[in-house]
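Protein chains get the first letters and strands the later ones, always in sequence-line order, with residue 1 at the start of each.
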2 protein chains.
Amino acid sequence: MFTSSEENYLKAIYHLGITSNKGVSTNAIAKRLRTKASSVTDMVKKLADKNVLVYRKYQGVSLTKEGNKTAANIIRKHRLWEVFLVEKLNFNWDEVHDVAEQLEHIKSPKLINELDALLGFPKYDPHGDPIPDNEGNLDQIEKSLLATLTINEFGICVGVHDSSSTFLQFLDKQKIALGQEITVIEKEDFDGSMTIKINNKKISISNKIANNLYIQKVQNGQ
Amino acid sequence: MFTSSEENYLKAIYHLGITSNKGVSTNAIAKRLRTKASSVTDMVKKLADKNVLVYRKYQGVSLTKEGNKTAANIIRKHRLWEVFLVEKLNFNWDEVHDVAEQLEHIKSPKLINELDALLGFPKYDPHGDPIPDNEGNLDQIEKSLLATLTINEFGICVGVHDSSSTFLQFLDKQKIALGQEITVIEKEDFDGSMTIKINNKKISISNKIANNLYIQKVQNGQ
DNA sequence: AAATATTTTTAGTCTTGTCTAAAAATAAAT
DNA sequence: ATTTATTTTTAGACAAGACTAAAAATATTT
């Protein structure tokens, strides 16, 4: 069994490990958890003793098979709780994160299995992120950042890269939501902004926005 | 804001304070929390500094108004989660306690208000214990221990005194559940056991059982 | 009321998870 | 290939919350 703190480290390392295929650095973990590098070194040694990660001094860490499964399970819980909050308790998608951070540490296999059933075995959380199954597997759909689409390409908005509440609230204001069809009308070379068609309206969005929205291409895609 | 540990102390003192109108003793708290008296003294000083209880050396403690409200709120959360587990997640009433002990420490007013609404604003938990409202008030119904009923008295089973899983499982086996009508047929002076009618069957129960079942009298009662 | 038993508190220690400051290793730059 | 910069680790400290053992206060007996 792991403490909440240990679970948070595992989750952080899992997320950071997805992008880099090298070991995850001490500093990267410290930054993500808003803690100090020295604290990370301490914890990482402890987790290595517990066989959930491999640690070589100055070389960063990587999760073992067991560590990976453990981390995926925490993320599974986090995302299922997010679905619950939105679907059953009328939370908006920008309100769920902090509560789910607490709920993810509750220990009860029955609880999470029954919750999964209550929610109808969802495959994605309210931000479009996939929910790992009990074995830690998650199905990755083919999705592209909106910024990478070319003119006339279109698809369904299926996720956000940044899930900060400021970004999500911005999307709410612009009436941009998951499941909507988006077509690229125009792209500006100068600042990377683009005009898109959504809800049968044309709106202009900055490059930063386009780099934080995931689209599942419907046509012209691979 | 309080730590989980502080909350557990407040809850314990609240429960112990209901019976005794004197200060709650250090040892009583220690026993209930399965900890040592010295640990209790430490924590009690800290809580006194936070103005949730009054502490005088060697005289035990009592909750302040604020402490009482805080404790009631934790119990409110605990019992609402218990209802959720039974009503929505197919938990049996003997399985909910440990999970609710974890869930009660989750911090989110919106979460608990929405949960309350989802459950239809229940007034009692699965063991028949009343759920405090947001102000910490709880409605106490008139209930008596089955052991105190006299022959031919009858009423509805509305709660259990002991909510250990062994007792609850015993009740399941005997097909005794909340909401059922129970009539006292016979009482044995020798050992305090009694014969009762329930589900149109006569069964014999020990004094210990009768001392752990709450009945709301329907007739002959006050 | 003195003697004994019990309860409570104090004093000091331990573990977990964090921190700061300094040392050591690695990476980058001239 | 040295020097400089960055990253990482070590060493030592601290707060929270628990513990043991001893001292002090309160209760109970006789």
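Between B:Lys45 and the phosphate of C:dT9, there is no side-chain N or O to OP1/OP2 separation shorter than 4.0 Å. Here A:Tyr9 does not reach the OP1 or OP2 of C:dT16: none of its side-chain N or O atoms lies under 4.0 Å away. For C:dT8, neither phosphate oxygen OP1 nor OP2 lies less than 4.0 angstrom from any side-chain nitrogen or oxygen of B:Lys36.
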Going by atom type alone, with no hydrogens or angles, which donor-acceptor pairs under 3.5 Å involve a side-chain atom of residues 111-136 of chain B and a protein atom two or more places apart or on another chain?
residue, atom, partner, partner atom, Å
B:Asn113, OD1, B:Asn134, ND2, 3.2
B:Asn113, ND2, B:Pro109, O, 3.4
B:Glu114, OE1, A:Asn90, ND2, 2.9
B:Asp116, OD2, B:Arg76, NH2, 3.1
B:Lys123, NZ, B:Phe121, O, 3.4
B:Tyr124, OH, B:Asp139, OD1, 3.0
B:Asp125, OD1, B:His127, N, 2.7
B:Asp125, OD1, B:Gly128, N, 3.1
B:Asp125, OD1, B:Asp129, N, 3.0
B:His127, ND1, B:Glu82, OE1, 3.2
B:His127, NE2, B:Trp93, O, 2.9
B:Asp133, OD1, B:Glu135, N, 2.8
B:Asp133, OD1, B:Gly136, N, 3.0
B:Asp133, OD1, B:Asn137, N, 3.0
B:Asp133, OD2, B:Asn137, ND2, 3.3

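Pairs passing the ring pair (Phe, Tyr, Trp, His ring centres under 6.0 Å) check and including a residue from residues 24-73 of chain A, sequence neighbours excluded, do not occur. Within the structure, ring pair (Phe, Tyr, Trp, His ring centres under 6.0 Å) pairs that include any residue of residues 60-89 of chain B comprise A:Phe84-B:Phe84, B:His78-B:His97, B:Trp81-B:Phe84 (at least two apart or interchain).
Remark: C1' of D:dT8 and CD1 of A:Ile29 are 12 Å apart, rounded to the nearest angstrom. Rounded to whole angstrom, the span from the CZ atom of A:Arg56 across to the C1' atom of C:dT26 amounts to 13 Å. Atom-to-atom, CG of A:Asp42 to C1' of D:dA11 comes out at 10 Å; the value is rounded to the nearest Å.
Taking the side chain of B:Asn27 as heavy atoms from C-beta on, and the options C:dT7, D:dA18, D:dT8, the nearest nucleotide is C:dT7. Side-chain atoms of A:Thr26 lie closest to D:dT9 of the nucleotides D:dT9, C:dC19, D:dA18. The side chain of B:Thr41 approaches C:dT10 more closely than any other nucleotide in the set C:dT10, D:dC19, D:dT9.
Applying the side-chain hydrogen bond (donor to acceptor under 3.5 Å, both in side chains) rule to B:Gln174 yields no partners; only residues at least two apart in sequence or on another chain are considered. Not counting sequence neighbours, B:His105 has no partner by the ring-ring contact (aromatic ring centres under 6.0 Å, His included) test.
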Seminar exercise, completed: 5' to 3', nucleotides 21-27 of chain D under a 4.0 Å protein heavy-atom cut-off (B base, S sugar-phosphate only, - none) gives ---BSS-

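There is a side-chain donor-acceptor pair under 3.5 Å between B:Ser164 and B:Thr166.
Comparing A:Ser5 and B:Ala37 along DNA chain C, the residue whose closest nucleotide (by nearest heavy atom) sits nearer the 5' end is B:Ala37.
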